[in-house]
Amino acid sequence: MIGLFAALAAALGYGISDFVGGIASRRVAALRVVLISYPVALVLLTILASVVGGELSGPAVGWGLVAGVSQALGVWWFYAALGAGPISVVSPLTAVLVAAMPLTVGVALGERPGLVAGAGVLLAMGAVALVSREVTDGDVRPHRFTVRVAWLTVGSGVAFGMNVVLLGQVPVEAKLWPLVLGRLAATAVVVAVALVTANLVLERGVPLRLGLLAGVLDTGAAVATLLALQSSMLSLAGVLIALYPAATVLLAIVVLRERVSRWQAIGMILALVSVGLIASG
């Protein structure tokens with residue numbers, strides 16, 4: 001049960017962080033928001049890891065660094081796909097891949113969720129796709145799902161999903177240190193990309209405050225993710241963590257008064273049912 005609650009806490013944290021980051025990205029380039037949130041998460045995770053302790057080893061360092069690079073590439077490719085392609089296709093496809101990667105790897109490694117939990121997993125994947133669905137991106141410019149956008153979308157989904165898989169491999173005795181190393185690697189990649197794309201700018205005002213909040217939320221979500229992966233099956237935890245778009249959509253409805261589409265509403269219901277099935281299975 002600890003793994004279930006931790007996975008849902010991670011989904012909630014990532015969902016709220018995405019919402020906050022999205023609001024900030026309406027004012028400045030999304031990459032500039034990540035330039036704030038990632039270093040903040042790095043500092044907070046370092047403080048937490050120092051307090052909690054842990055034993056660093058070669059595998060802990062290796063898995064942590066690779067997971068961080070995977071996460072950074074996922075962010076880069078995802079924003080690139082959203083900028084060039086239709087959100088209505090890019091967002092749900094990415095989310096489904098995020099759920100599918102841990103599920104596929106978990107099953108390949110020998111995990112066998114029960115029949116009820118398996119049904120919950122299938123429902124959850126459908127829920128992820130529906131909740132992430134956007135009717136329009138509000139931009140009059142044409143956005144086509146080109147071959148380049150398709151590769152960026154698949155790449156981001158696989159990278160985000162592999163981040164969960166890789167974190168699931170870190171030794172338990174390392175505690176939070178692999179997360180620190182992951183954020184260090186991710187921050188380095190993001191800074192390099194920002195430098196190449198002329199986005200290495202420290203924002204102020206509202207974007208800065210929102211970026212700081214996103215960093216705090218990202219920290220909590222990362223810790224919850226690690227706990228979930230160490231307390232339950234990768235195949236189940238990964239799918240539950242991938243329900244993060246539900247929290248983003250709920251906040252958009254409550255805070256921004258955005259209207260939820262029929263498909264998103266169905267996705268929300270499926271998400272609730274899937275959690276119940278996975279918990280009981």
Non-hydrogen atoms of Ala49 and Val180 that approach each other most closely: CB-CG2, 3.8 Å
Minimum heavy-atom distance between Val170 and Pro178, given as atom pair plus value: CG1-CB, 3.8 Å
Nearest atoms (heavy-atom pairs only) where Ile278 meets Ala117: CG1-O, 3.8 Å
Joint hydrophobic cluster, Leu251 plus Leu212, side-chain heavy atoms closer than 4.5 Å: no
Listed partners of Val33 passing side chain to side chain contact (heavy atoms under 4.5 Å, CB included), at least two apart: Ala24, Ser25, Val28
Minimum side-chain heavy-atom gap Leu229-Gln169 below 4.5 Å: no
Any residue meeting side chain to side chain contact (heavy atoms under 4.5 Å, CB included) with Ser235, in chain and number order, not counting sequence neighbours: Leu103, Glu111, Pro113, Met233
Exercise: identify the closest heavy-atom pair between Ser274 and Leu123: CB-CB, 3.8 Å
Within-4.5 Å side-chain heavy-atom neighbours: Thr219 and Leu48: yes
Ser17 side chain near Ser37 side chain, heavy-atom distance below 4.5 Å: no
Cluster link Leu42 to Trp63, ILVMFWY, side chain under 4.5 Å: yes
Derivation and outcome, side chain to side chain contact (heavy atoms under 4.5 Å, CB included), residues Trp177 and Ser50: CA-CA 8 Å; Trp177 285 113; Ser50 300; 3.7 Å; yes
Spacing of Leu200 atom CG and Leu31 atom CG [to the nearest 0.5 Å]: 9.0 Å
Common cluster, Leu93/Met162, ILVMFWY with side-chain heavy-atom separation under 4.5 Å: yes
Gap separating the CG atom of Leu130 from the CG atom of Leu270, nearest 0.5 angstrom: 6.5 Å
Side-chain heavy atoms of Leu45 within contact of Val223, under 4.5 Å: yes
Shared hydrophobic cluster for Leu4 and Val121 (ILVMFWY, side-chain gaps under 4.5 Å): yes
Where Leu73 and Ala159 come nearest, the two heavy atoms and their spacing: C-CB, 4.4 Å
Main-chain N/O of Val107 paired with Arg112 side-chain donor or acceptor, under 3.5 Å: yes
Residue pairs, two or more places apart or on separate chains, that pass side chain to side chain donor-acceptor pair (under 3.5 Å) and touch residues 205-217: none
Side chain proximity check, Leu234 to Val164, heavy atoms < 4.5 angstrom: yes
Rounded distance (nearest 0.5 Å) linking atom CG of Leu176 with atom CZ of Arg183: 11.5 Å
CH2 (Trp76) with more than 12 external heavy atoms under 6.0 Å: no
Donor-acceptor contact below 3.5 Å, side chain Glu55 vs main chain Ala174: no
Interatomic distance, Leu243 atom CG to Met125 atom CE [nearest 0.5 angstrom]: 11.0 Å
Donor-acceptor contact present, side-chain Thr153 to main-chain Thr94, <3.5 Å: no
CD1/Ile2: more than 12 non-hydrogen atoms of other groups inside 6.0 Å: no
Student check: side-chain heavy atoms of Tyr244 and Val128 closer than 4.5 Å: no
Least distance between heavy atoms, Leu65 atom then Leu181 atom: CD2-O, 3.5 Å
Derivation and outcome, side chain to side chain contact (heavy atoms under 4.5 Å, CB included), residues Tyr14 and Leu217: CA-CA 7 Å; Tyr14 286 132; Leu217 292 166; over 6 Å; no
Side chain to side chain, Leu250 and Met268, heavy atoms closer than 4.5 Å: yes
Interatomic distance, Leu210 atom CG to Phe19 atom CZ [nearest 0.5 angstrom]: 9.5 Å
Co-membership, hydrophobic cluster, residues Val216 and Leu179, 4.5 Å side-chain: no
Any Ile36 side-chain heavy atom under 4.5 Å of Leu208 side chain: yes
